[in-house]
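Here the structure comes first, spelled out in structure tokens, and everything after it is commentary.
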Amino acid sequence: MSGVRIAITGTPGVGKTTFCNHGPWTSISVHDLARENDCLGDIEEDGAAPIDIETLSEKIVWPEEDCLIIDGHLSHLLPVDAAIVIRCEPGLLRERLQDRDYTTQKIDENVECELIGLIMSECLDLPCLELDSASGVEAMIASVEAWMTDGFKPQQPSEPIDWIQEIHGDD
């Protein structure tokens, strides 16, 4: 594959960066791209620096790579060829975000986004692979390599992750 850009996206805390750091590919973070393209705002009260994703999408000059992995929960909003959405069971995600000292409001917002699959719903126009981080990094890498080798097929998951169904069952 030549010149392919794949977003590694998901709610903060699901394991995107861990995944990106263990794969056999070149990766770059959305934060680094934003900083390099002067699209990173000042740090706000919640400790995050907002990214002007629209301007970044217009200004970005992609590094020359056969396959470039873009790490970040906004990466799927950039001009990419495909997306991989990493998911995490909401209770575990809550623990991870608490360990990061996120505010209660920020934890609740991110857990709710994960619970309802918000980021996955934003990827419906892209070839997309959905992974549960509970399967482990090696298994996720193997799934991604097989998906890429097969030409990003299927284009969308046949059985999307449904945390609400897992929590509440058929009742």
Side-chain angles (χ1 to χ4, degrees), residues 1 4-31 33 46 48 51 53 57 67-171:
M1 270 187 233
V4 175
R5 298 178 303 260
I6 302 172
I8 305 299
T9 189
T11 307
V14 297
K16 298 176 298 293
T17 301
T18 299
F19 172 83
C20 289
N21 289 340
H22 285 85
W25 38 61
T26 300
S27 66
I28 189 166
S29 74
V30 172
H31 184 271
L33 287 170
D46 66 357
I51 294 173
I53 206 74
S57 293
C67 179
L68 181 65
I69 300 293
I70 302 95
D71 172 16
H73 75 277
L74 299 174
S75 60
H76 62 283
L77 301 174
L78 294 172
V80 294
D81 302 299
I84 296 166
V85 181
I86 299 179
R87 307 286 306 274
C88 179
E89 188 278 321
L92 177 57
L93 180 61
R94 180 175 297 282
E95 291 173 18
R96 290 179 180 178
L97 298 178
Q98 287 169 338
D99 289 345
R100 292 183 180 187
D101 292 326
Y102 278 29
T103 65
T104 301
Q105 179 181 349
K106 192 169 180 178
I107 292 170
D108 290 345
E109 289 170 358
N110 283 303
V111 169
E112 182 179 326
C113 286
E114 179 61 24
L115 184 65
I116 64 172
L118 179 67
I119 292 180
M120 186 62 201
S121 72
E122 294 176 343
C123 295
L124 297 177
D125 292 337
L126 290 168
C128 186
L129 179 66
E130 186 179 40
L131 301 171
D132 182 349
S133 62
S135 64
V137 174
E138 293 80 16
M140 290 192 307
I141 290 170
S143 294
V144 168
E145 289 176 331
W147 184 64
M148 290 170 63
T149 300
D150 201 25
F152 304 115
K153 293 180 183 135
Q155 296 282 310
Q156 293 288 319
S158 58
E159 295 184 31
I161 294 170
D162 184 351
W163 296 126
I164 296 172
Q165 174 68 27
E166 285 195 32
I167 292 167
H168 294 290
D170 292 328
D171 297 338

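Predicted, not measured: the structure shown is a model, and the values here were computed from it.
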Donor-acceptor pairs are to be reported for all side-chain atoms of residues 78-85 against protein atoms at under 3.5 Å, with residues two or more places apart or in another chain.
{"from": "D81", "atom 1": "OD2", "to": "R5", "atom 2": "N", "distance (Å)": "2.7"}

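- Rounding to the nearest 0.5 angstrom, the gap separating the CG atom in L129 from the CG atom in D150 is 11.0 Å.
- Surrounding CG of D125 are at most 12 heavy atoms belonging to other residues, nucleotides or ligands under 6.0 Å away.
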Show your reasoning for whether side chain to side chain contact (heavy atoms under 4.5 Å, CB included) applies to V4 and F152.
CA-CA 11 Å; V4 175; F152 304 115; 3.7 Å; yes
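- The backbone N or O of T104 lies less than 3.5 Å from no partner atom in the side chain of E109, so there is not a single donor-acceptor pair.
- Smallest separation of non-hydrogen atoms from P160 and E130: CA-OE1, 3.1 Å.
- Judged by distance alone, the side chain of S75 and the main-chain N or O of V30 form no donor-acceptor pair under 3.5 Å.
- You'll find the side chain of W147 stays beyond 4.5 Å of the side chain of K153, heavy atoms only.
- Note that the CG atom of L97 and the CG atom of D108 stand 10.0 Å from one another [nearest 0.5 Å].
- Between S133 and R87 there is no side-chain heavy-atom pair separated by less than 4.5 Å.
- The backbone N or O of A134 lies less than 3.5 Å from no partner atom in the side chain of E89, so there is not a single donor-acceptor pair.
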T11 vs H73, test: side chain to side chain contact (heavy atoms under 4.5 Å, CB included). Steps then yes/no.
CA-CA 6 Å; T11 307; H73 75 277; over 6 Å; no
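- Counted within 6.0 Å of CD on Q98, heavy atoms from surrounding residues, nucleotides or ligands total more than 12; the atom is thus considered enclosed.
- Side-chain atoms of D162 come within 3.5 Å of backbone atoms of Q165 as a donor-acceptor pair (strictly under, hydrogens ignored).
- With rounding to the nearest 0.5 Å, the separation of NZ in K16 from CD1 in I8 is 10.5 Å.
- Atoms CG and SG, on L131 and C88 in that order, are 12.5 Å from each other to the nearest 0.5 Å.
- To the nearest 0.5 Å, atoms CG (L126) and NE2 (H76) are separated by 8.5 Å.
- The aromatic rings of W25 and F19 are tilted relative to each other, their planes meeting at an angle between 30° and 60°.
- There is no side-chain donor-acceptor pair under 3.5 Å between D71 and S27.
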Please walk me through it: do L68 and I28 pass side chain to side chain contact (heavy atoms under 4.5 Å, CB included)?
CA-CA 8 Å; L68 181 65; I28 189 166; 4.0 Å; yes
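- The closest donor-acceptor contact from the side chain of R96 to the backbone of G13 lies under 3.5 Å.
- With rounding to the nearest 0.5 Å, the separation of CD1 in I107 from CD in E95 is 11.0 Å.
- For T18 (side chain) and G15 (main-chain N/O), no donor-acceptor pair under 3.5 Å exists by modelled atom type.
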Check the pair M148 / C67 against side chain to side chain contact (heavy atoms under 4.5 Å, CB included), numbers first and verdict last.
CA-CA 10 Å; M148 290 170 63; C67 179; 3.4 Å; yes
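- Checking side-chain atoms of N110 against main-chain N and O of K106 turns up a donor-acceptor pair under 3.5 Å.
- When all heavy atoms of C128 and Q156 are compared, the pair lying nearest together is CB-NE2, 3.6 Å.
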